[in-house]
Amino acid sequence: MYYKVLIDNIEEHAPIVYTPTVGLVCQNYSGLFRRPRGMYFSTEDRGEMMSMVYNWPADQVDMIVVTDGSRILGLGDLGVHGIGIAIGKLDLYVAAAGINPQRVLPVMIDVGTNNEKLLKDPLYLGLQEHRLEGEEYVAIIDEFMEAVFARWPNVIVQFEDFQSKWAFRLLQRYRKTYRMFNDDVQGTAGVAIAGLLGAVRAQGRPMLDFPKQKIVVAGAGSAGIGVVNAASRTMARMLGNNEVAFESARSQFWIVDAHGLITEERTNIDPDARPFARRKSELGHQGLNEGASLIEVVKKVKPDVILGLSAVGGLFSKEVLEALKDSSSSRPAVFAMSNPTKNAECTPLEAFSVLGEKIIFASGSPFSDVDLGNGKIGHSNQGNNMYLFPGIGLGTLLSGARIISDGMLQAAAERLASYMKDEEVLQGVVYPPISRIRDITKEVAAAVVKEAVAEDLAEGYRDMDARELARLSEEETVDYVQQNMWSPVYPTIVYKKD
Ligand SMILES: NC(=O)c1ccc[n+]([C@@H]2O[C@H](COP(=O)([O-])OP(=O)(O)OC[C@H]3O[C@@H](n4cnc5c(N)ncnc54)[C@H](O)[C@@H]3O)[C@@H](O)[C@H]2O)c1
Ligand SMILES: O=C(O)C[C@H](O)C(=O)O
Ligand SMILES: [Mg+2]
């Protein structure tokens, strides 16, 4: 009944089970606690996880969303309170992807917290010690992965809201051996690429013009670097996929973090950001220096896009938006993607009032459209990984792919981009409304299945073996996905008064 209500009213309820309200829930979780949900694996469970997984009552689990609570939305380290995010994401797996709700498992890895308030809070439900670090931390995650894949070899594990340093490291560690992905790094990247391709089409230009876009990214964490990595690979593919193409794609991005513009001259540069550090040779003629402020960078670069994944509310100030007036694009794009609402780099009202009706606007959390007067509407898109992660999970499940490849993620992003019609995109609508999330998820999942088959990764699912999967046409693949989506059905009961 809960899922029936959620699915039928997804537009109204997504902002409650998901961003922004889920953020508030996580911030107050110990005080709101009613009953335990999900599984907790803690530092104290070392050596026991293999037997613990057998305590979970379901014989089959299709999807796990796991977090260690270290970076929940843009709210920082919330320790075990972060379980709310895993529960919320899995609600969307049921509502959008039709994963059976009896086969989802939210997981919290409790290795302590560095949140001083929680460390002192008598109501805190988790371990009251500082976070475990280094190889001991990795050993805990290794043990958890071995345990869940031993009990459910076909499960898919989505890593969610791990602080950046672990997000990248764990993704590299597991992605070639387990059916797993990191939603903040990879899901966000695909959604951003789909929106950026939409912004190119909205200028009346072909998607192949994407490599000409100049993009300033504020934020060099798991999400920001994930976007720049994948978007530059997409550009490079469009340019011929050779070394020159990669170099040209790289030069389209300017990354600004808490210390300003990232250049080669930065000391202690984060290895994940290093490939995108601006070269010394480029800085002179651009009039930019190491650590240049966001506003300076926007003024000098005149970018087509400013994209925020900084978790700093209001970072796209009036001055930054004013500077974007000189953008070389006929329709500059403002993507204020940080969550929850108060962390958005700017609101659509702020962006449209400074830059006018032409811009393309997207935010991570939902905002209302803006009335621009004279019957004109400034469209507020929700650029959130919710448009991809359910389809990535479902497509992986139904293909029986052994791993989740870059190609499968790329296919998902491209399907999301092509889902929007030209008329919609020209009106500034680059993402579908959430009311269509079940349909878009079905399409994304089908694209993931097709790509898994093409890459010879698919091993089939239940009665559908790999050979049969390979024989399905595009349309048949979509039907196959649809038939395997769980749906709560209730008969209509009409009470008749005689
Ligand atoms: N819309 C989506 O689908 C989506 C997906 C993933 C993450 N996010 C959001 O993105 C945000 C960042 O997530 P993350 O995992 O990358 O976090 P993170 O903490 O790893 O990274 C934050 C980055 O922002 C930088 N930063 C801080 N202050 C800045 C400033 N004043 N100017 C420029 N950069 C600044 C930091 O240096 C860091 O590089 C969060 O709010 C999260 O909710 C949104
Ligand atoms: O949870 C969301 O709404 C998106 C994203 O995964 C985030 O961490 O902000
Ligand atoms: Mg997240």
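Atoms within each ligand, like the ligands themselves, are counted from 1 in listed order. For the single chain, residues carry numbers from 1 onward in sequence order. Keep in mind it's a predicted model, so treat the numbers as computed, not measured. Every heavy atom of this structure was used, including side-chain atoms; hydrogens, water molecules and symmetry mates were not.
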Per-atom contacts, ligand 2 versus Leu73 - under 4.0 Å to a heavy atom: 1 (O), 2 (C), 3 (O), 7 (C), 8 (O), 9 (O)
Which residue supplies the protein heavy atom nearest to atom 9 (O) of ligand 2, what is that atom called, and how far is it? Asn339 ND2, 2.7 Å
Around atom NZ of Lys358, are there more than 12 heavy atoms of other residues, nucleotides or ligands at under 6.0 Å? no
So for Gln382 against ligand 2, with non-hydrogen atoms under 4.0 Å, the contacting part is neither
Using every non-hydrogen atom in the two residues, find where Arg266 and His259 come nearest and quote the distance to one decimal. NH2-O, 3.6 Å
Only heavy atoms of Arg71, strictly under 4.0 Å: list the atoms of ligand 2 that pass. 8 (O)
What protein heavy atom is closest to atom 5 (C) of ligand 2, reported as residue, atom name and distance in Å? Asn385 ND2, 3.4 Å
Applying side chain to side chain contact (heavy atoms under 4.5 Å, CB included), run through Met235 and Met238 and close with a yes or a no. CA-CA 5 Å; Met235 286 184 178; Met238 290 177 168; 5.7 Å; no
Contact with ligand 2 for Met337, non-hydrogen, under 4.0 angstrom: no
Report yes if the distance between the aromatic ring centroids of Phe335 and Phe361 is under 6.0 Å, otherwise no. no
Can you tell me if Thr263 and Lys280 form a side-chain donor-acceptor pair at under 3.5 Å? no
Please identify which atoms of ligand 2 are closer than 4.0 Å to at least one heavy atom of Asp184. 5 (C), 6 (O), 7 (C), 8 (O)
Could you list the atoms of ligand 2 found under 4.0 angstrom from a heavy atom of Asp161? 8 (O)
Flag yes if more than 12 heavy atoms outside Gln102 fall under 6.0 Å of its CD atom; otherwise flag no. no
Within the 3.5 Å criterion, strictly below it, is a donor on Asp161 or Thr67 matched to an acceptor on the partner's side chain? no
Below a 4.0 angstrom heavy-atom separation, can you tell me which part of Met386, side chain or backbone, both or neither, approaches ligand 2? neither
Which ligand 2 atoms, with their elements, are less than 4.0 angstrom from a heavy-atom of Lys89? 1 (O), 2 (C), 4 (C), 5 (C), 6 (O)
Evaluation steps, side chain to side chain contact (heavy atoms under 4.5 Å, CB included), between Phe41 and Met108: CA-CA 6 Å; Phe41 296 88; Met108 167 55 61; over 6 Å; no
Atom 2 (C) of ligand 2: which protein heavy atom is closest, and how many Å away? Tyr18 OH, 3.3 Å
With a 4.0 Å cut-off, would you call Glu282 and Arg250 a salt bridge? yes
Arg237 versus Gln410, side-chain donor and acceptor atoms under 3.5 Å: yes
What are the two closest heavy atoms between Asn182 and Ala167, and how far apart are they? ND2-CB, 3.6 Å
What part of Asn384, side chain, backbone, both or neither, has a heavy atom within less than 4.0 angstrom of ligand 2? side chain
Does atom NZ of Lys300 have more than 12 heavy-atom neighbours from other groups under 6.0 Å away? yes
In terms of relative ring orientation, are Tyr29 and His81 parallel, tilted or perpendicular, with 30° and 60° separating the classes? tilted
Ring centres of Tyr18 and His13 under 6.0 Å apart? no
With heavy atoms of Thr19 as the reference, note each atom of ligand 2 found under 4.0 Å away. 3 (O)
Under 4.0 Å from a heavy atom of Glu160: give me the atoms of ligand 2 that qualify, with their elements. 6 (O)
Between Gln382 and Tyr387, a side-chain donor and acceptor under 3.5 Å: no
Do you know how many protein N, O or S atoms are within a distance smaller than 2.8 Å of the Mg ion (ligand 3)? 3
Answer with side chain, backbone, both or neither: which part of Thr188 has a heavy atom less than 4.0 angstrom from an atom of ligand 2? neither
Can we call the ring centroids of Phe181 and Phe159 under 6.0 Å apart? no
What are the polar N/O contacts of ligand 1 with the protein below 3.5 Å, with distances?
from: ligand 1; atom 1: 1 (N); to: Met337; atom 2: O; distance (Å): 3.0
from: ligand 1; atom 1: 1 (N); to: Gly383; atom 2: O; distance (Å): 3.0
from: ligand 1; atom 1: 3 (O); to: Asn385; atom 2: N; distance (Å): 2.9
from: ligand 1; atom 1: 15 (O); to: Arg71; atom 2: NE; distance (Å): 2.8
from: ligand 1; atom 1: 15 (O); to: Arg71; atom 2: NH2; distance (Å): 2.9
from: ligand 1; atom 1: 15 (O); to: Ser222; atom 2: OG; distance (Å): 2.6
from: ligand 1; atom 1: 16 (O); to: Ser222; atom 2: N; distance (Å): 3.1
from: ligand 1; atom 1: 16 (O); to: Ala223; atom 2: N; distance (Å): 3.0
from: ligand 1; atom 1: 20 (O); to: Ser164; atom 2: OG; distance (Å): 2.4
from: ligand 1; atom 1: 24 (O); to: Ser310; atom 2: O; distance (Å): 3.4
from: ligand 1; atom 1: 37 (O); to: Ala258; atom 2: N; distance (Å): 3.0
from: ligand 1; atom 1: 39 (O); to: Ala220; atom 2: N; distance (Å): 2.8
from: ligand 1; atom 1: 39 (O); to: Gly221; atom 2: N; distance (Å): 3.4
from: ligand 1; atom 1: 41 (O); to: Asn339; atom 2: N; distance (Å): 3.3
from: ligand 1; atom 1: 41 (O); to: Asn339; atom 2: O; distance (Å): 3.2
from: ligand 1; atom 1: 43 (O); to: Gly74; atom 2: N; distance (Å): 3.4
from: ligand 1; atom 1: 43 (O); to: Asn339; atom 2: N; distance (Å): 3.3

Side chains of Asn115 and Lys120: donor-acceptor distance under 3.5 Å anywhere? no
